[in-house]
Amino acid sequence: METNMRYPEIISALPKREGLAPSLDFYEYQGFWFPLVYLEATITLQEHFKANPEDIFLCSSVKTGTTWLKALAFSILTRDRFIQSPNPLLNTVPHECFPHMEVDLGDDPSYRTPQLPLLATHIPYTSLPKSILESGCKIIYICREPKDAFTSYWHMLQTLKHLSTGPDAREPAPSLEEELEMFCQGKSAFGPCWDHVLGFWRASIERPETVLFLKYEELKKDELFYVKKLAEFMGKPFSQEEEIEGVPEKIIGMCSFRNLSNLEVNKSGFYQKGRVYNNSFFRKGVVGDWKNLLTEDMKVMIDCTTEQKLQFSGFTF
Ligand code: A3P
């Protein structure tokens, strides 16, 4: 057991998979596999987090376009504020523009960015703090096709390995084959990704007025449509004047992979007290990059899992 583990009586009884270091060990809690640090924060949030009705939650599993959605939502909601002054995205990684719940609120669940109703989280739908669902807050979810999400996750793990080389590091790190096996079993960060998606998708069918469900691939195909949809959903639609001035297009340009990935702040520096490189959130940003990593057998393995997991659900990627 971890010496300083929070909630040791709950956590030490859970099924466990070793991660790159003890703080990154995975525990199966309420049907999903959480890295330890985020599990501790999740339990704290389940006990203490109080949502405000006007809060808007950006939800996602990992490596599905969270960073992009954060940049877009932030730019849409703050567009009046930064006409004269420089947009904070020019020198702040999108993750630091407002709190990511299990990263930033574990010690102080009441913290909010002044005058900004945005919060983000990877916590699965069924494990969200109760007050989020009870207060009828708006939720925006983004999902991504699992082969690309896994490919992005695998590359992210390679960057984390460099940061997990302390005395606690577990070596050797899992091979691609081993990690893929774990992913298909759901034993990866916030996995199973299929169950994660289905939780929010079902909620979006039941309550479309409060849950907006997006797909990374569709957002890529028609950014203008979805940026307008996001603005409307968040209660800040673009005026005719703004549309004539091309404000939605400017936001799309500011948040584009090309722009964000070339900013100095996103090319250098660290997020989460040194745990993650900022540039690891900006790798390629394309659809179908799994073809450059996975063999035919690996592709089939993920596709079969997807088929089984989504059977009878009505949902397709
Ligand atoms: P790749 O690794 O496939 O390039 P998350 O933000 O949830 O961690 O997801 C990261 C993925 O989103 C990475 O995918 C990253 O390159 C991509 N991404 C980041 N910013 C993006 C943007 N502005 N537009 C499109 N994709 C983006």
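First listed ligand is number 1; within each ligand, the first listed atom is number 1. Numbers for residues simply follow the sequence, beginning at 1.
- With sequence neighbours excluded, the residues forming a side-chain hydrogen bond (donor to acceptor under 3.5 Å, both in side chains) with Thr67 are His95, listed by chain and number.
- Where the criterion is an N or O separation shorter than 3.5 Å, residue side chain and backbone included, Leu260 fails it with respect to ligand 1.
- Residue Gly65 has at least one N or O atom closer than 3.5 Å to an N or O atom of ligand 1.
- Using a cut-off of 4.0 Å between Lys/Arg side-chain N and Asp/Glu carboxylate O, Lys138 and Asp55 are scored as not salt-bridged.
- Put simply, the residue from Phe150, Trp201, Phe183 that forms a ring-ring contact (aromatic ring centres under 6.0 Å, His included) with Trp194 is Phe183.
- The closest non-hydrogen atom to atom 6 (O) of ligand 1, taken over Asn266, Val286, Asn259, Thr67, comes from Thr67.
- Taking 4.0 Å as the cut-off between side-chain N and carboxylate O, Lys229 and Asp222 do not count as a salt-bridged pair.
- At a heavy-atom distance under 4.0 Å, no atom of Ser60 approaches ligand 1.
- On a distance-only criterion, Ser61 and ligand 1 share no N/O pair closer than 3.5 Å.
- The shell of residues lying under 4.0 angstrom from ligand 1, judged by heavy atoms, includes Thr64.
- At least one N or O atom of Thr66, backbone or side chain, sits closer than 3.5 Å to an N or O atom of ligand 1.
- Within the listing of ligand 1, atoms 4 (O), 16 (O) sit less than 4.0 angstrom from a heavy atom of Lys284.
- Between Phe57 and Phe49, the ring planes are perpendicular. Angles over 60° get that label, and only those under 30° would be called parallel.
- Looking at atom 1 (P) of ligand 1, its nearest protein heavy atom turns out to be Ser152 OG, 3.4 Å.
- For atom 16 (O) of ligand 1, the closest heavy atom belonging to the protein is Arg283 N, 3.0 Å.
- What you find for Leu260 and Asn266 is that their closest heavy atoms are O-ND2, 2.9 Å.
- Checked for salt-bridge contact, Glu145 and Lys147 meet the test: a charged N lies under 4.0 Å from a carboxylate O.
- Of all protein heavy atoms, the one closest to atom 15 (C) of ligand 1 is Phe281 O, 3.3 Å.
- For Lys220, no nitrogen or oxygen atom sits less than 3.5 Å from a nitrogen or oxygen atom of ligand 1, counting backbone and side chain alike.
- Comparing Tyr216, Trp68, Trp154, Phe257 against atom 26 (N) of ligand 1, the shortest heavy-atom distance belongs to Tyr216.
- Under a 4.0 Å heavy-atom criterion, Cys255 is in contact with ligand 1.
- Between His196 and Phe200, the ring-plane angle classifies as parallel under the 30° and 60° cut-offs.
- For the pair Lys187 and Phe26, the cation-pi test (distance below 6.0 Å, angle within 45°) is failed.
- For atom 14 (O) of ligand 1, the closest non-hydrogen atom on the protein side is Arg144 NH1, 3.1 Å.
- Considering only non-hydrogen protein atoms, atom 8 (O) of ligand 1 sits nearest to Lys63 NZ, 2.8 Å.
- The distance from ligand 1 to the heavy atoms of Gly285 drops below 4.0 Å at these ligand atoms: 1 (P), 4 (O), 16 (O), 26 (N).
- A donor-acceptor pair shorter than 3.5 Å cannot be found between the side chains of Ser12 and Tyr7.
- A centroid separation of less than 6.0 Å is found between the aromatic rings of Phe213 and Tyr141.
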